[in-house]
Enquirer: 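Encoded as structure tokens, here's the structure I'll be asking about.
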Amino acid sequence: RRGRAAAGFVGAKMSVLHGAVIGAALANKGVAMRPYIVQSDSAQPGHEREPSELQAVVSEPHAAALMQMLSTTTTDGTGRRAFKKWPTDLAHIGVAGKTGSLSGRGKPWRHYSWFVGAAPAARPEIGFAVLAVNGKRGRAKAADIARDAMALWFADRKVRDDDSELASTK
């Protein structure tokens, strides 16, 4: 069943939140954390939460290896077109991710595209998941939406991720 879910077969059930937990677990060296909803990117006075571990889902070396493999999605793989439009001032930040798509057969017809991942690739700080649902005339792609969201996230942050750690393991 897990293989079917990973391959995107019709009938597989996975929420966007589950995808974000997976991306965040990779960013957190293989440890899945208990998710919670925030209203904005702020400290939310009075609503502080202590991080809470759910469980280790993969070993730290496996998480690092997955991050390395998934970083090629945005440079040479199925997400490369989206990340060609990555802002030049963020070019030093690598993004690791997995694309996916599935077309529904019901009425109304829908096309679903996914992008799940973490960034910066060499020193992850954030995990994410995007699901874009389009009708026959829709053109939004999850990788494009993820790129734009990550560009906003990193726009005002001082982040160094020249992928030197990734390059040294190749």
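Along the sequence shown, residues carry numbers from 1.
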Enquirer: Ignoring hydrogens and geometry, is there a side-chain-to-backbone donor-acceptor pair from Ser71 to Ala121 under 3.5 Å?
Expert: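 No, the answer is negative, given that no donor and acceptor are paired below the 3.5 Å cut-off.
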Enquirer: If two hydrophobic side chains count as joined below 4.5 Å and joins carry through other members, does Ile93 share a cluster with Met150?
Expert: yes
Enquirer: Quick one: does Ser113's side chain have a donor or acceptor within less than 3.5 Å of a partner on Ala142's backbone?
Expert: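 Looks like yes, one N/O pair under 3.5 Å.
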Enquirer: Could you tell me the separation between the NE2 atom of His111 and the CZ atom of Arg139, rounded to the nearest 0.5 Å?
Expert: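 Rounded to the nearest 0.5 Å, the NE2-CZ separation comes to 10.5 Å.
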Enquirer: Can you find a heavy atom in the side chain of Asn28 that is under 4.5 Å from one in the side chain of Pro51?
Expert: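 When only atoms from C-beta onward are counted, Pro51 and Asn28 do not touch, as no gap falls below 4.5 Å.
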Enquirer: Mind checking what makes side chain to side chain contact (heavy atoms under 4.5 Å, CB included) contact with Ala25, not counting sequence neighbours?
Expert: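 Residues passing side chain to side chain contact (heavy atoms under 4.5 Å, CB included) with Ala25: Ala32, Val57.
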Enquirer: Give a yes or no on whether the backbone of His62 and the side-chain of Ser59 come within a donor-acceptor separation of less than 3.5 Å.
Expert: yes
Enquirer: Can you sort out the partners of Arg80 under side chain to side chain contact (heavy atoms under 4.5 Å, CB included), two or more places apart, ordered by chain and number?
Expert: none
Enquirer: Less than 4.0 angstrom from a charged side-chain N to a carboxylate O is my criterion; do Asp144 and Lys141 meet it?
Expert: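 Salt bridge: no.
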Enquirer: With rounding to the nearest 0.5 Å, note down the distance linking CH2 in Trp153 to CD in Glu125.
Expert: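 With rounding to 0.5 Å, CH2 (Trp153) is 8.0 Å from CD (Glu125).
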Enquirer: Establish whether Val95 and Leu90 are linked, either directly or via other cluster members, by ILVMFWY side-chain heavy-atom contacts under 4.5 Å.
Expert: yes
Enquirer: Using every non-hydrogen atom in the two residues, find where Pro35 and Leu54 come nearest and quote the distance to one decimal.
Expert: CD-CD1, 4.2 Å
Enquirer: Side chain of Ser52, backbone of Arg34: donor and acceptor closer than 3.5 Å?
Expert: no
Enquirer: Might you point out which heavy atoms bring Ala118 and Ala27 nearest each other, and give the distance in Å?
Expert: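 Nearest pair, atom of Ala118 first, then Ala27: CB-CB, 3.7 Å.
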Enquirer: Can you check side chain to side chain contact (heavy atoms under 4.5 Å, CB included) on Leu131 and Tyr112, steps first, answer last?
Expert: CA-CA 7 Å; Leu131 172 65; Tyr112 303 85; 4.1 Å; yes
Enquirer: Just by distance, do the side chain of Trp86 and the backbone of Gly94 share a donor-acceptor pair under 3.5 Å?
Expert: no
Enquirer: Show the nearest heavy-atom pair for residues Ala20 and Ala129, with the distance to one decimal.
Expert: N-CB, 3.3 Å
Enquirer: Are Met69 and Met67 connected, step by step, through hydrophobic side chains (Ile, Leu, Val, Met, Phe, Trp, Tyr) whose heavy atoms are closer than 4.5 Å?
Expert: yes
Enquirer: In terms of hydrophobic clustering (I, L, V, M, F, W, Y; side-chain heavy atoms under 4.5 Å; direct or indirect links), are Val133 and Val130 co-clustered?
Expert: no
Enquirer: Cluster question for you: counting only ILVMFWY and a side-chain heavy-atom cut-off of under 4.5 Å, with indirect links fine, are Phe154 and Phe83 together?
Expert: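 Yes, it is one cluster - the side chains of Phe154 and Phe83 are joined through contacts under 4.5 Å.
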Enquirer: If I compare all heavy atoms of Ala63 with all of Lys29, which pair ends up nearest, and what's the gap?
Expert: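 Heavy atoms of Ala63 and Lys29 come nearest at CB-C, 3.7 Å.
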Enquirer: Go through the structure and list residues passing ring pair (Phe, Tyr, Trp, His ring centres under 6.0 Å) with Phe128, not counting sequence neighbours.
Expert: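 Applying ring pair (Phe, Tyr, Trp, His ring centres under 6.0 Å) to Phe128 gives Phe115.
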